[in-house]
Amino acid sequence: MTDRREDGTSKDGRVARGEITRERVLDAAERCFAERGFDAISIRQIAREADVTLGVVGFHGGTKQELFLTVLKRRVETLNALRISRLSTLKATERLTLETLIDAYVTPYLEIASRGDPQWRAYAQLVARIVSDERYYLEAGPLYDRVAAVYLDEMERLCPDAGRDQLAALLSLTVASMVSIVASGIRIAGLAQSEVPDSPLAYRDLLLDFCVGGVLRALEPKC
């Protein structure tokens, strides 16, 4: 039997090395999918980007579809936790309004896209690629929809006269705006003939004014 340390890694470091290799494979896949899209990337290209063999990619990621979902899942778990935490704080402090609810949903995404971590930026670029492609919804949608449904429940409580289908559409439009503002910094700067902002968080106030104003206007006089 292999001796193990208290943290569960084997003394020869094989478990630790395996985790490092797995992260390298996922990081490489994330960059490749973000830069060129799911259809244009092969497992061979991901292996080359990660500097590992095809077998190593298959061992850590499975099929290309499985690898794609794993890449999304590891980021979504962090994003979902941030959103649930902010919602819990709002409810505990009795500061829950439609405006603060939208802020709690949108701002965590802007923050993680602004961290300066190239992998998180790659994730944001990847989401911008897939958000409007319904092919990904059946498998990737549930990763996001669990927490989105929690927010929809709160929107219904705040606006009981609005239909859930209307609220779902408004939340979807808000998400589209959120993803777009992260992905469009260069284009906005080009149109404005200005410098590209240091991070997507620079657009937070503008995005919230746009989304909250649009939601409130659409719900008049139901909310």
T63 backbone acceptor or donor facing E66 side chain under 3.5 Å:
yes
Taking all non-hydrogen atoms of both residues, which atom of I41 and which atom of C32 are closest, and how far apart?
CG1-O, 3.4 Å
Not counting sequence neighbours, which residues clear ring-ring contact (aromatic ring centres under 6.0 Å, His included) with Y144? List them please.
none
Donor-acceptor pair, distance only, cut-off 3.5 Å: does the side chain of T93 make one with the backbone of T89?
yes
Pairs meeting criterion side-chain hydrogen bond (donor to acceptor under 3.5 Å, both in side chains) with involvement of residues 201-212, two or more places apart
D103-R204, T107-R204
All pairs passing side-chain hydrogen bond (donor to acceptor under 3.5 Å, both in side chains) where residues 37-47 contributes a residue, at least two apart
D39-R135, S42-Q45
Interatomic distance, Q119 atom CD to I112 atom CD1 [nearest 0.5 angstrom]:
13.0 Å
Under the side chain to side chain donor-acceptor pair (under 3.5 Å) test, residues paired with R74 that sit two or more places apart
E23, D27, E30
Donor-acceptor check, side chain of S114 to backbone of S199, threshold 3.5 angstrom: yes or no?
no
For Y109 and V175, indicate whether the former's side chain and the latter's backbone hold a donor-acceptor pair under 3.5 Å.
no
So, using side chain to side chain donor-acceptor pair (under 3.5 Å) as the criterion, who are the partners of D51 when residues are at least two apart?
none
Got a sec, which residues hit side chain to side chain donor-acceptor pair (under 3.5 Å) with R121, two or more places apart in sequence or on another chain?
none
Main chain of L90, side chain of R95: is a donor-acceptor contact present, judged purely on distance under 3.5 Å?
no
Pairs flagged by disulfide bond (SG atoms under 2.5 Å apart) wherever residues 159-212 is involved - sequence neighbours left out:
C159-C223
ring-ring contact (aromatic ring centres under 6.0 Å, His included) partners for F33, two or more places apart
F38, F68
Check: L143 main-chain N/O paired with N80 side-chain donor or acceptor under 3.5 Å
yes
Pairs where residues 33-120 contributes a residue and the test disulfide bond (SG atoms under 2.5 Å apart) is met, not counting sequence neighbours:
none
Set of residues satisfying side chain to side chain donor-acceptor pair (under 3.5 Å) with respect to R164, sequence neighbours excluded
D153, E156
Return all side-chain donor-acceptor pairs below 3.5 angstrom for residues 180-197, not counting sequence neighbours, or 'none' if the list is empty.
from : atom 1 : to   : atom 2 : distance (Å)
S180 : OG     : S184 : OG     : 3.4
S184 : OG     : S180 : O      : 2.7

Could you note down all residue pairs passing salt bridge (charged side-chain N to carboxylate O under 4.0 Å, His left out) where residues 107-116 supplies at least one of them, sequence neighbours left out?
R86-E111
